[in-house]
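For reference, the structure is listed below as structure tokens.
In what follows, chains carry the letters A, B, and so on, assigned in the order in which the sequence lines appear, proteins first and then strands, with residues in each chain numbered from 1.
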Amino acid sequence: MNWIDIVTIMRDEWSIIGILILLLAGEILVDKKQLSMLIPIAIGLFVLHTAMSFIPGDKATLFGGMYRTNEMMHFMKAILNVAVLIILFQSYDWVKTTLLPNGMANAFYMLLFAVLSGMYFLISAGDFIMFFIGFELSTLPIAAMAAFQLKEMRSTEAGIKLVLLAGLASGIMLYGISLMYAVTGTLYFDGFLSAYYHEPLLVFGFILFLSGLAFKISLVPFHFWAPDVYEGAPIAITSLLSVVSKAASVFILMILLLTVFKDLSDAWKMVLYILAVLTMTIGNLFALRQTNMKRFLAFSSIAQAGFILLGILAGGAVGAATVIYFVLIYVFTNLGAFGVIQAIKDESGKEDMTDYTGLYRTNPKLSLVLVLALFSLAGIPPVAGFFGKFFLFSAAAGKGYYILLIIAVINVTISLYYYLLPIRAMLLRTSDTPIPTTKSGNMMRIGLLICVAGIMILGLYSPVYSFVLGLTQSWL
Amino acid sequence: MTERIIFYILAFIMIVFSLMSVTSTKIIRSAIYLLGVLMATAGLYFLFNLNFLGAIQLTVYAGGIMVLIVIAILLTHHVGFGLPVPDKKHMILGWLAAMIGITISFFQFTTHTFKPKIGNLDDRVSKMGADMLHYGDGGFVLPFEVISILLLAGIIAAITIAKGGIPHLKKRLKSGQPTTVSSSTKKQ
């Protein structure tokens, strides 16, 4: 290992931290009145960073095993980059109108990039120390960002709730890690389990460790923070939490379960089975009753996380590929839905489902994007969401999880009902006080266009899945 | 034998103080009880001959962090003001969960045979410093640097929230609204 290796292999991390430092220098050096010029710089640099992350990565291990990467992890980081890029486009107007006058615009970008770098280290972690630092770095700044709308008490409440419950989850997780360390005597992932996987204390520690991650993915029964935080936080932060943060945590969960904790699969398969059933069912039942669009999407994203567990349960290269593919689709789909809600909130300040009645007559384009996103979430062909679910289910069926599959299919049917509710309100109903015609900014349009393109292309163009499968096959 | 007795005394202090810290309804007292737990932990480190770690525990946690906590409490909270007592249902459920956790942990710890770490621990400070900057096997330069990013993010977040709050605070002062969140203005 030499310095050139460290620079070229960790180029994603270097580049995002470089942007972060550049913005920090800008914040200090640029005149207060000209701070707005940092916004296009931040977005421009991040576009370059995202483009660069599509150059394929290599398989490597650095820092004595603390950092490891391969083609698949590199692709995961690229997915996260695309998601953050979409959020940057969609939040542009909000940042300009709400954050910039308070002098918080630059901090928003710096914290966002710090969170993203934390997610990189989380995915590339080679031992529990790096894992935990990445975990914290990708959670704590989000809590501050959730409280960014200082005028609104709900936003502050969301921030405090997130920081307290994240602290609790970290505590439980650290306790689990320390128990596992007491048994194995090492914190490195390599050779972590070797001879100890039959020890009950290790299983106990592992379950505590898993609950910390389950909190971050908001699996039932660790989901209590999610709806309140999602509702109170600004929409850009809600999409960050429910898409990017969830995607990163699902990735590392999958990596850990399929490699490091492979020998413990008897224990975690049972736990994941129960978590999957609970998450799908309870997420769905609560989503049925929601009237606030953000809260509604919060519960729907809890239910979606339950489906993802099916792919992890299936395991192997095929299961891993279906998980990555589903998350990729989920990024475009959910960000599309959140983007429309953001566009409407920016313009009219409304986010209740009843306000969306008759939206098609005043805002046909926005409502079509939302319809497309909801169709994809529900899994209706030919949009991408159908294939995401189809591959997950067929992977689970291939491993003989038939009962779980029946429960999942029942849940998909229930979800179809509530995903169609806003669609009915928008397309078929008329309202006396519809949301006036909104004119979104260009950045928002680009963000929504990327989502629509993603939903359509992933549904119609199959080589993407084969590409992902090739990555996971070379990994496992 | 003496080591054993000292260990049990310290462990007893830690258990009692942590219980009192959680159950006290006066927040400043909770903080002081927490101080007791942290000091006893430092005592454990000294008992195990981990002098540097013990010193760090005393200066950073018992010293620095505790002062921060006390100042934060004094700035935001009325010291004599008691916290609301949780209702019976939550109390019972909480104790039940704690008891189940303790029972499971106790069973696990007593049935597991822990392997002692063989070999002398090199806890010279110079060795630790070298490890911190070492980027090969067994080095910690990467976590060390990433923690600095975490700190940077924390500082940015804290400054932004504190600074962003000022215009709203001024507005509230002008209009005669209360500047702190009292129970009446909280969201129901």
Side-chain angles (χ1 to χ4, degrees), chain A residues 1 3 6 10 13 17 20-21 24 27 62-67 99 101-104 106-108 110-111 113-115 117-118 121 126-127 129-130 132-134 136-137 140-145 147-151 153-154 156-157 159 175 179 182-183 185 199-205 232, chain B residues 76 97 101 103-119 131 133-172 177 180-182 184-188:
Chain A
M1 185 180 74
W3 288 105
I6 294 181
M10 295 177 70
E13 286 80 3
I17 293 168
L20 174 67
I21 305 240
L24 186 66
E27 171 87 25
L62 296 177
F63 295 103
M66 281 199 170
Y67 178 94
L99 292 185
N102 288 334
M104 294 157 84
N106 205 10
F108 170 76
M110 286 193 278
L111 290 180
F113 295 151
V115 167
S117 74
F121 287 116
D127 74 337
I129 299 177
M130 280 314 295
F132 187 70
I133 297 172
E136 290 299 311
L137 185 54
L140 287 180
I142 301 185
M145 289 157 90
F148 258 18
Q149 275 174 335
L150 294 157
K151 273 185 230 165
M153 211 63 98
R154 276 195 319 174
T156 318
E157 185 187 322
Y175 186 47
L179 288 184
V183 176
E199 297 277 0
L201 187 60
L202 187 91
V203 179
F204 181 49
Chain B
T76 54
T103 322
I104 295 177
S105 309
F106 185 76
F107 260 108
Q108 300 286 355
F109 292 152
T110 44
T111 50
H112 184 78
T113 41
F114 289 96
K115 285 194 197 81
K117 193 111 180 167
I118 302 160
D131 276 351
L133 287 176
H134 183 51
Y135 60 92
D137 265 343
F140 290 94
V141 70
L142 185 65
F144 188 61
E145 296 300 332
V146 178
I147 281 183
S148 65
I149 300 172
L150 178 58
L151 271 178
L152 177 70
I155 292 170
I156 294 172
I159 291 178
T160 312
I161 287 192
K163 205 175 68 177
I166 292 171
H168 306 301
L169 208 67
K170 277 186 186 158
K171 232 180 255 169
R172 279 189 190 169
Q177 281 175 352
T180 50
V181 186
S182 66
S184 58
T185 53
K186 249 184 209 163
K187 195 189 123 198
Q188 294 298 313

Item to check | Under 4.5 Å from any heavy atom of chain B - which part of A:Glu199 | outcome: side chain

Next on the checklist: Heavy-atom cut-off 4.5 Å, strictly under: side chain, backbone, both or neither for A:Met104 against chain B?
Outcome noted: both

Checklist entry - Do A:Phe204 and B:Ser105 come close enough that some side-chain heavy atom pair is under 4.5 Å? => result yes

Item to check | Contact origin within A:Ile21 toward chain B - heavy atom pairs under 4.5 Å | outcome: neither

Next on the checklist: Is B:Thr113 close to chain A through its backbone or its side chain, or both, or neither, when contacts mean heavy atoms under 4.5 Å?
Outcome noted: neither

Next on the checklist: Please classify the contact of A:Leu137 with chain B as side chain, backbone, both or neither, using a heavy-atom distance under 4.5 Å.
Outcome noted: both

Checklist entry - Which bit of A:Glu27 comes within less than 4.5 Å of chain B, counting heavy atoms only: side chain, backbone, both or neither? => result side chain

Next on the checklist: For B:Leu152, which atoms come within 4.5 Å of any heavy atom of chain A: side chain, backbone, both, or neither?
Outcome noted: side chain

Checklist entry - So what's closer than 4.5 Å to chain B heavy atoms on A:Leu20: side chain, backbone, both or neither? => result side chain

Checklist entry - Above 12 or not: heavy atoms from other molecules or residues under 6.0 Å from CZ of B:Phe114? => result yes

Item to check | Minimal non-hydrogen separation, A:Met66 against B:Pro143, with atom names | outcome: SD-CD, 3.4 Å

Next on the checklist: What's the separation between atom CG in A:Asn106 and atom OG1 in B:Thr160, rounded to the nearest 0.5 Å?
Outcome noted: 9.0 Å

Checklist entry - Is chain B contacted by the side chain of A:Pro200, its backbone, both, or neither, given a heavy-atom distance below 4.5 Å? => result both

Next on the checklist: Need one label for A:Phe113: side chain, backbone, both or neither, based on atoms under 4.5 Å from any heavy atom in chain B.
Outcome noted: neither

Checklist entry - Hey, mind stepping through B:Ile161 and A:Thr156 against side-chain contact (heavy atoms from CB on, under 4.5 Å) and telling me if it holds? => result CA-CA 10 Å; B:Ile161 287 192; A:Thr156 318; over 6 Å; no

Checklist entry - Does OH belonging to A:Tyr175 count more than 12 external heavy atoms closer than 6.0 Å? => result yes

Next on the checklist: Walk me through whether B:Leu142 and A:Leu62 qualify under side-chain contact (heavy atoms from CB on, under 4.5 Å).
Outcome noted: CA-CA 9 Å; B:Leu142 185 65; A:Leu62 296 177; over 6 Å; no

Item to check | side-chain contact (heavy atoms from CB on, under 4.5 Å) between B:Phe109 and A:Leu179, intermediate numbers included | outcome: CA-CA 10 Å; B:Phe109 292 152; A:Leu179 288 184; 3.4 Å; yes

Checklist entry - Is any side-chain heavy atom of B:Ile149 less than 4.5 Å from a side-chain heavy atom of A:Ile133? => result no

Checklist entry - Under a 4.5 Å heavy-atom cut-off, does chain B meet the side chain of A:Leu111, its backbone, both or neither? => result side chain

